[in-house]
Amino acid sequence: MHVFTLPAYPTAFWVTAAFVMILTGLGKSGFGSGIGALATPLLALIIPVADAAALMLPLLIIMDFFTLPYYYTKRRFDVTHLRILLLSSLIGIAIGGYYFDALSHNEQAMKMGIGALALLFVLLQVGRSLIFGALSDHRPPPLAGWILGAVGGFTSTVAHAGGPPVTIYLVPQNLPRDRYVGTTVLLFAAINLIKLIPYYFLGLLRIGDLGTVLLLAPLAYVGVRLGIWLNQRFNNLWFTRFIYTFLFLTGLQLLTGWNLLAMLFRLGA
């Protein structure tokens, strides 16, 4: 009976969590590049960072199982790049687990770290076209894959935001689109499963969260279906820009502790 008891979170958490689940589903469908990185920082504005990360992990794994079979059964992935990124990500996952353990008793430091990662993500996204332009005629060597894979493993462990480093390595490889997407799907499905190990030993996986996970999981599916529908009808450019702006403000608030929304309301009054 106690397994499905919901935590005593404020109403703002449930509203934010519903919004986050739909956004994450949109990202899984390919609508709005990288918007999944908003999930942990946004939840961390309301609940502890460790709680936000721990809650997102099983939800991400559930979504992985929806997308994994299509790419795995049809072998739509690149084995060489997948091996490099997956093996190197183990290093980043280990460092990310150490980071959580070292700062687990300092919530402010955790929030600042997540805020800094959010700002870094935005900067990487803004500068991505410049990076890709510089690398358009040059495929990054395996060493770059090992470095960026380790960085991706770290950022995925602490904020479920491993996409940018992996993208910087994979896109210049000029893989066919289905193999590129399949490689990232398999990579992060594996990374999310591996992350269960440090999360378990750090005590981040709690049976009491199951009720929350089961309650929110259908919203992620709604987001996936909505993203598929939007992909067929709308250009996601302006939506993505809005998400990056929102992520930048969220990261800035976590990093500085400023209540940006309250400041904006005061300025408008």
Side-chain angles (χ1 to χ4, degrees), residues 20 23-28 30 32-44 49-50 52-65 67-68 71 77-78 81-100 110 113-125 127-128 131-132 140 144-173 175 180-199 202 204 220 243-244 247 250-251:
V20 162
L23 283 183
T24 305
L26 289 174
K28 285 289 185 181
S33 174
I35 63 177
L38 183 60
T40 301
L42 197 56
L43 289 175
V49 172
L55 183 62
M56 284 301 302
L57 181 55
L59 288 164
L60 290 171
I61 291 174
I62 290 172
M63 284 183 276
D64 288 333
F65 279 111
T67 56
L68 186 61
Y71 292 99
F77 57 91
D78 186 281
H81 296 309
L82 179 61
R83 183 185 296 116
I84 291 173
L85 292 169
L86 182 56
L87 291 176
S88 59
S89 71
L90 297 176
I91 301 170
I93 292 171
I95 297 173
Y98 176 80
Y99 171 87
F100 257 125
M110 292 285 283
I114 295 297
L117 284 176
L119 295 180
L120 178 61
F121 178 90
V122 174
L123 292 176
L124 284 173
Q125 292 296 95
R128 189 171 61 173
I131 296 173
F132 290 163
W146 282 92
I147 295 172
L148 292 169
V151 174
F154 173 80
T155 55
S156 181
T157 301
V158 301
H160 305 305
V166 170
T167 299
I168 290 173
Y169 172 71
L170 271 185
V171 169
Q173 305 296 338
L175 298 174
Y180 165 76
V181 174
T183 302
T184 59
V185 166
L186 266 70
L187 173 66
F188 287 109
I191 286 176
N192 286 335
L193 288 174
I194 295 169
K195 279 161 27 182
L196 288 171
I197 299 173
Y199 275 47
L202 291 170
L204 297 176
I243 291 298
Y244 291 159
L247 179 60
T250 300

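Worth saying up front: this structure is predicted, and the values here are computed from it rather than measured.
In this structure, Leu85 and Leu170 have side chains that are in contact, with non-hydrogen atoms separated by less than 4.5 Å. Side-chain contact between Val20 and Met56 is present, with heavy atoms from C-beta onward closer than 4.5 Å. Residues Gln173 and Tyr180 fail the side-chain proximity criterion, which asks for heavy atoms closer than 4.5 Å.
Rounded to the nearest 0.5 angstrom, Leu55 CG and Leu60 CG are separated by 9.5 Å. The CG atom of Leu57 sits 10.0 Å away from the CD1 atom of Ile62 when rounded to the nearest 0.5 Å. The line from OG1 of Thr183 to CD1 of Ile84 is 11.5 Å long, rounded to the nearest 0.5 Å. Here the CG atom belonging to Leu90 is positioned 5.0 Å from the CD1 atom belonging to Ile194, to the nearest 0.5 angstrom.
The two residues Phe100 and Ala50 have their closest heavy-atom pair at CE2-CA, 4.1 Å. Nearest approach of Thr24 to Ala39, heavy atoms of both residues: OG1-CB, 4.0 Å. Nearest heavy atoms, Ser88 versus Gly145: OG-O, 3.5 Å. Looking at every heavy atom in both residues, Pro41 comes nearest to Ala118 through CG-CB, 4.2 Å. Of all non-hydrogen atoms in Pro198 and Gly97, the two that sit nearest each other are CB-CA, 4.4 Å.
Just one residue in the list Pro140, Ser89, Pro165 forms a side-chain contact (heavy atoms from CB on, under 4.5 Å) with Leu148, and that residue is Pro165.
For residues 56-65, the pairs satisfying side-chain hydrogen bond (donor to acceptor under 3.5 Å, both in side chains) are Lys28-Asp64, Asp64-Asn192, with sequence neighbours left out.
For the ring-ring contact (aromatic ring centres under 6.0 Å, His included) test, residues two or more places apart in sequence or in another chain that qualify with Tyr99 are Phe154. Listed by chain and number, the residues in a side chain to side chain donor-acceptor pair (under 3.5 Å) with Thr157 amount to none (sequence neighbours excluded).
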Margin query: Test side-chain contact (heavy atoms from CB on, under 4.5 Å) on Tyr169 and Ile147; report intermediate values, then the result.
Written below: CA-CA 9 Å; Tyr169 172 71; Ile147 295 172; over 6 Å; no

Next item on the list: Let me see the working for Leu186 and Leu86 under side-chain contact (heavy atoms from CB on, under 4.5 Å), right down to the final yes or no.
Entry: CA-CA 9 Å; Leu186 266 70; Leu86 182 56; over 6 Å; no

Notebook entry, point to check: Run the side-chain contact (heavy atoms from CB on, under 4.5 Å) check on Thr40 and Leu117 step by step: do they pass?
Noted result: CA-CA 11 Å; Thr40 301; Leu117 284 176; over 6 Å; no

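In this structure, His160 and Tyr199 have tilted ring planes: the angle between them lies in the 30° to 60° band.
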